[in-house]
K.L.:
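Dumping the structure here so I can ask a few things about it.
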Amino acid sequence: MVKSKSWTMVKHFEGLPKLEDFKLEEKELPPLKDGELLLESVFLSVDPYMRPYSKRIMKPGDVMIGSQVARVVESKNPAFEVGTYHVTNVGWTTHFISDGAGVHSLPKEWPENLPRSLAVGAAGMPGCTAYFGLLEICNPKEGEVVLVNCAAGAVGSLVGQIAKIKGCKVVGSAGSDDKVTYLKEIGFDEAFNYKTVSSLEEALKNASPEGYDCYFENVGGNYADVALQQMKQFGRISVCGAISLYNDSVPATGPYIQTYMLFKQLRMEGFLVTRWMQRYPEAQKHLLKWIAEGKLKYHEHVTNGFENMPAGFIGMLTGENIGKAVIKV
């Protein structure tokens, strides 16, 4: 019998999640039936979306939501060979049985020298989020100025580099000097630590006195209130996330944006990357090509040990990571 370990949510989070909000459970899995396969998780993803979605789609006692790169260890399904790797979305668990539904093989063109963890990172959902969120909604043109906040994160760091590939000037902000250094290393034209500047408004003006054509929004809150004032006429804003608000117990209030939207004739659009799920292979083809060519650099913040998943998740929410946060089993 194979034993599976899973992290469940004890109760809905109040403010920032705490270690006691999670419980580690273990169960024995039954023998495989015809058509089934047994997989073991190798890399698990922790992402900002888990915080708001836990409230929307989970109930206490459920296994925490999330995706993983998993290896087939036993198979009674001829479509899945033992030893092959796939991306699944079954939550925080070490072993699981599947009938093959929702089990997605890594792209055939996956280079042997790339870590498979990138299938939940730069060449996976975060990469597709950056690709479609920037190119489909902002549609940046060569020579335009692109602003990215949370720019050293899994998505923001890729957005900035894709904008550079498209010939744009890119400005990024992050929450530590080390992250600012990283942004400059991967090609951002301007970068600043939003926690240490005396004025966010002045920092944005200094980075691009002429304003911004595109704004890739990951943070929300006061940052967005200030950034909207810096947009050029007919600017485009792609709303990917609002991580500064996810842990608020009381909904935040702020300035009203309609005046800026109206007189600058801005276009703001929120998105869920699943909108383009059928086009993931298109994005992955470009992402893998750019990575191979050295045009798209990635960084992984790896937490070792399945037992450390809650700590890795909380650390990601508090900004401990540069690039993609993953858990290595």
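All residue numbers in this chain count up from 1 along the given sequence.
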K.L.:
The test is side-chain contact (heavy atoms from CB on, under 4.5 Å); show your working for Lys169 and Val145 and say whether it passes.
P.N.:
CA-CA 5 Å; Lys169 173 183 176 180; Val145 185; 4.2 Å; yes
K.L.:
A side-chain contact here means heavy atoms from C-beta on lying under 4.5 Å apart; do Asp21 and Lys18 qualify?
P.N.:
yes
K.L.:
Taking side-chain hydrogen bond (donor to acceptor under 3.5 Å, both in side chains) as the criterion, tell me which of Asp178, Thr181, Asp177 meets it with Asn193.
P.N.:
Asp177
K.L.:
Should we count NZ of Lys328 as having more than 12 external heavy atoms under 6.0 Å?
P.N.:
no
K.L.:
Glu26 side chain to Lys3 main-chain N or O, any donor-acceptor pair under 3.5 Å?
P.N.:
no
K.L.:
Would you indicate whether Gln278, at its atom CD, is surrounded by more than 12 heavy atoms from other residues, nucleotides or ligands within a distance under 6.0 Å?
P.N.:
no
K.L.:
Just to verify, what does Lys324 make a salt bridge (charged side-chain N to carboxylate O under 4.0 Å, His left out) with, not counting sequence neighbours?
P.N.:
Asp47
K.L.:
Heavy atoms only: give me the nearest Pro52-Pro48 pair and the separation to one decimal.
P.N.:
CD-O, 3.2 Å
K.L.:
Kindly give the heavy-atom pair with the smallest separation between Gly127 and Leu287, and that separation in Å.
P.N.:
C-CD1, 3.6 Å
K.L.:
Among Thr274, Val155, Val273, exactly one meets side-chain contact (heavy atoms from CB on, under 4.5 Å) together with Cys128. Which residue is that?
P.N.:
Val273
K.L.:
I'd like to know whether CD of Glu14 has more than 12 heavy-atom contacts from other residues, nucleotides or ligands below 6.0 angstrom.
P.N.:
no
K.L.:
A quick test of your reading: do over 12 heavy atoms of other residues, nucleotides or ligands sit less than 6.0 Å from NZ of Lys164?
P.N.:
yes
K.L.:
Please check if the side chain of His301 supplies one atom and the backbone of Gly153 the other of a donor-acceptor pair under 3.5 Å.
P.N.:
no
K.L.:
Using atom types as modelled and distance alone, determine if a side-chain donor or acceptor of Thr93 lies under 3.5 Å from a backbone N or O of Ser6.
P.N.:
no
K.L.:
Give me the atom names and distance for the closest heavy-atom approach of Gly66 to Asn89.
P.N.:
O-OD1, 2.9 Å
K.L.:
Leu38 pairs by side-chain contact (heavy atoms from CB on, under 4.5 Å) with which of Val82, Val73, Val72?
P.N.:
Val73
K.L.:
Atom NZ of residue position Lys5 - does it have more than 12 heavy atoms of other residues, nucleotides or ligands inside 6.0 Å?
P.N.:
no
K.L.:
Can you tell me how far the SG atom of Cys214 sits from the CE atom of Met231, to the nearest 0.5 Å?
P.N.:
6.5 Å
K.L.:
Working note: Glu25 + Lys27, criterion salt bridge (Lys or Arg N to Asp or Glu O under 4.0 Å); need CA distance, chi angles, decisive distance, verdict.
P.N.:
CA-CA 7 Å; Glu25 299 187 355; Lys27 67 176 182 180; over 6 Å; no
K.L.:
Is the side chain of Ser173 donor-acceptor paired with the backbone N or O of Asn149 at a distance under 3.5 Å, no angle test?
P.N.:
no
K.L.:
Could you measure the distance from the NZ atom of Lys166 to the SG atom of Cys138? Nearest 0.5 Å is fine.
P.N.:
13.5 Å
K.L.:
I need the minimum non-hydrogen distance between Pro17 and Asn247, along with the two atoms involved.
P.N.:
CD-OD1, 3.5 Å
K.L.:
Counting N and O atoms only, with roles assigned by atom type, does the side chain of Ser67 sit under 3.5 Å from a partner on the main chain of Ser45, one being a donor and the other an acceptor?
P.N.:
no
K.L.:
Is it the case that the side chains of Thr94 and Glu40 hold a donor-acceptor pair, with the cut-off being a distance below 3.5 Å and no angle test?
P.N.:
no
K.L.:
What is the ring orientation for Trp92 with Phe22, classed by angle as parallel under 30°, tilted 30 to 60°, or perpendicular over 60°?
P.N.:
parallel
K.L.:
Who pairs with His86 by side-chain hydrogen bond (donor to acceptor under 3.5 Å, both in side chains), at least two apart in sequence or on another chain?
P.N.:
Thr84, Ser105
K.L.:
Shared ILVMFWY cluster between Val46 and Ile322, side chains joined below 4.5 angstrom?
P.N.:
yes
K.L.:
Any chance the side chains of Tyr131 and Glu282 put a donor and an acceptor closer than 3.5 Å?
P.N.:
yes
K.L.:
For the residue pair Glu217 / Tyr215, report whether a side-chain donor-acceptor contact shorter than 3.5 Å exists.
P.N.:
yes
K.L.:
Look only at the side chain of Ser41 and the backbone of Leu44, and say whether a donor-acceptor pair between them is shorter than 3.5 Å.
P.N.:
no
K.L.:
Mind telling me whether Tyr223 and Tyr194 have parallel, tilted or perpendicular rings, with 30° and 60° as the class edges?
P.N.:
perpendicular
K.L.:
How about Asn206 and Phe192: do any of their side-chain heavy atoms sit closer than 4.5 Å?
P.N.:
no
K.L.:
Any side-chain donor-acceptor pair under 3.5 Å between Tyr260 and Asp225?
P.N.:
no
K.L.:
With heavy-atom distances below 4.5 Å as the criterion, would you say the side chains of Pro31 and Met1 are in contact?
P.N.:
yes
K.L.:
Please evaluate residues Gln68 and Phe96 with respect to the criterion side-chain contact (heavy atoms from CB on, under 4.5 Å), reporting the C-alpha separation (whole Å), side-chain torsions for both, the decisive distance (0.1 Å), and the verdict.
P.N.:
CA-CA 11 Å; Gln68 59 263 95; Phe96 55 97; 4.2 Å; yes
K.L.:
Look at the side-chain heavy atoms of Ile, Leu, Val, Met, Phe, Trp and Tyr, link any pair under 4.5 Å apart, and say whether Ile97 and Leu37 land in one connected group.
P.N.:
no
K.L.:
Determine whether more than 12 heavy atoms belonging to other residues, nucleotides or ligands lie under 6.0 Å from atom CD of Glu20.
P.N.:
yes
K.L.:
Please say whether the positively charged group of Arg51, taken as NZ for Lys or CZ for Arg, lies over the ring of Tyr246, i.e. under 6.0 angstrom from the six-membered ring centre and within 45 degrees of the axis.
P.N.:
no
K.L.:
For the atom pair CG (Leu134) and CZ (Arg236), what is the distance rounded to the nearest 0.5 Å?
P.N.:
9.5 Å
K.L.:
Step by step, work out the ring pair (Phe, Tyr, Trp, His ring centres under 6.0 Å) result for Tyr85 and Trp110.
P.N.:
CA-CA 11 Å; Tyr85 291 82; Trp110 193 274; over 10 Å; no
K.L.:
Same hydrophobic cluster for Ile137 and Phe234, using side-chain heavy-atom links shorter than 4.5 Å among ILVMFWY?
P.N.:
no
K.L.:
Is a side-chain N or O of Thr8 found less than 3.5 angstrom from the main chain of Lys23, in a donor-acceptor match?
P.N.:
yes
K.L.:
When you group the ILVMFWY residues by side-chain heavy-atom contacts below 4.5 Å and let the links chain together, are Val329 and Leu24 in the same group?
P.N.:
yes
K.L.:
Does atom NZ of Lys285 have more than 12 heavy-atom neighbours, drawn from other residues, nucleotides or ligands, at distances under 6.0 Å?
P.N.:
no
K.L.:
Within the distance-only criterion (no hydrogens, no angle test), does the side chain of Asp189 pair as donor or acceptor with the backbone N or O of Val170 below 3.5 angstrom?
P.N.:
yes
K.L.:
Are Phe306 and Val42 connected into the same hydrophobic cluster when the rule is that any two of I, L, V, M, F, W, Y join if their side-chain heavy atoms are below 4.5 Å apart?
P.N.:
yes
K.L.:
Of the non-hydrogen atoms in Ala207 and Tyr212, which two are nearest, and what is the gap between them?
P.N.:
CB-OH, 3.6 Å
K.L.:
Let me confirm one number: the CD-CG distance from Glu144 to Asp213, rounded to the nearest 0.5 Å.
P.N.:
4.0 Å
K.L.:
I need the Thr303 OG1 to Ile327 CD1 distance, nearest 0.5 Å.
P.N.:
4.0 Å
K.L.:
Give the ring-plane orientation class for Tyr49 versus Tyr53, where under 30° counts as parallel, over 60° as perpendicular and anything between as tilted.
P.N.:
perpendicular
K.L.:
Apply the test side-chain contact (heavy atoms from CB on, under 4.5 Å) to residues Leu296 and Tyr298: give CA-CA distance (whole Å), side-chain angles for both, the deciding distance (0.1 Å), then the verdict.
P.N.:
CA-CA 7 Å; Leu296 193 65; Tyr298 63 88; over 6 Å; no
K.L.:
How about CD on Glu210, more than 12 heavy atoms from neighbouring residues, nucleotides or ligands closer than 6.0 Å, or not?
P.N.:
yes
K.L.:
Run Leu183 and Val148 through side-chain contact (heavy atoms from CB on, under 4.5 Å) and show every step you take.
P.N.:
CA-CA 11 Å; Leu183 294 181; Val148 188; over 6 Å; no
K.L.:
To the nearest 0.5 angstrom, please state how far the CE atom of Met64 sits from the CZ atom of Phe313.
P.N.:
4.5 Å
K.L.:
Distance-only, no hydrogens or angles: does the Glu36 side chain make a donor-acceptor pair with backbone N or O of Lys76 under 3.5 Å?
P.N.:
no
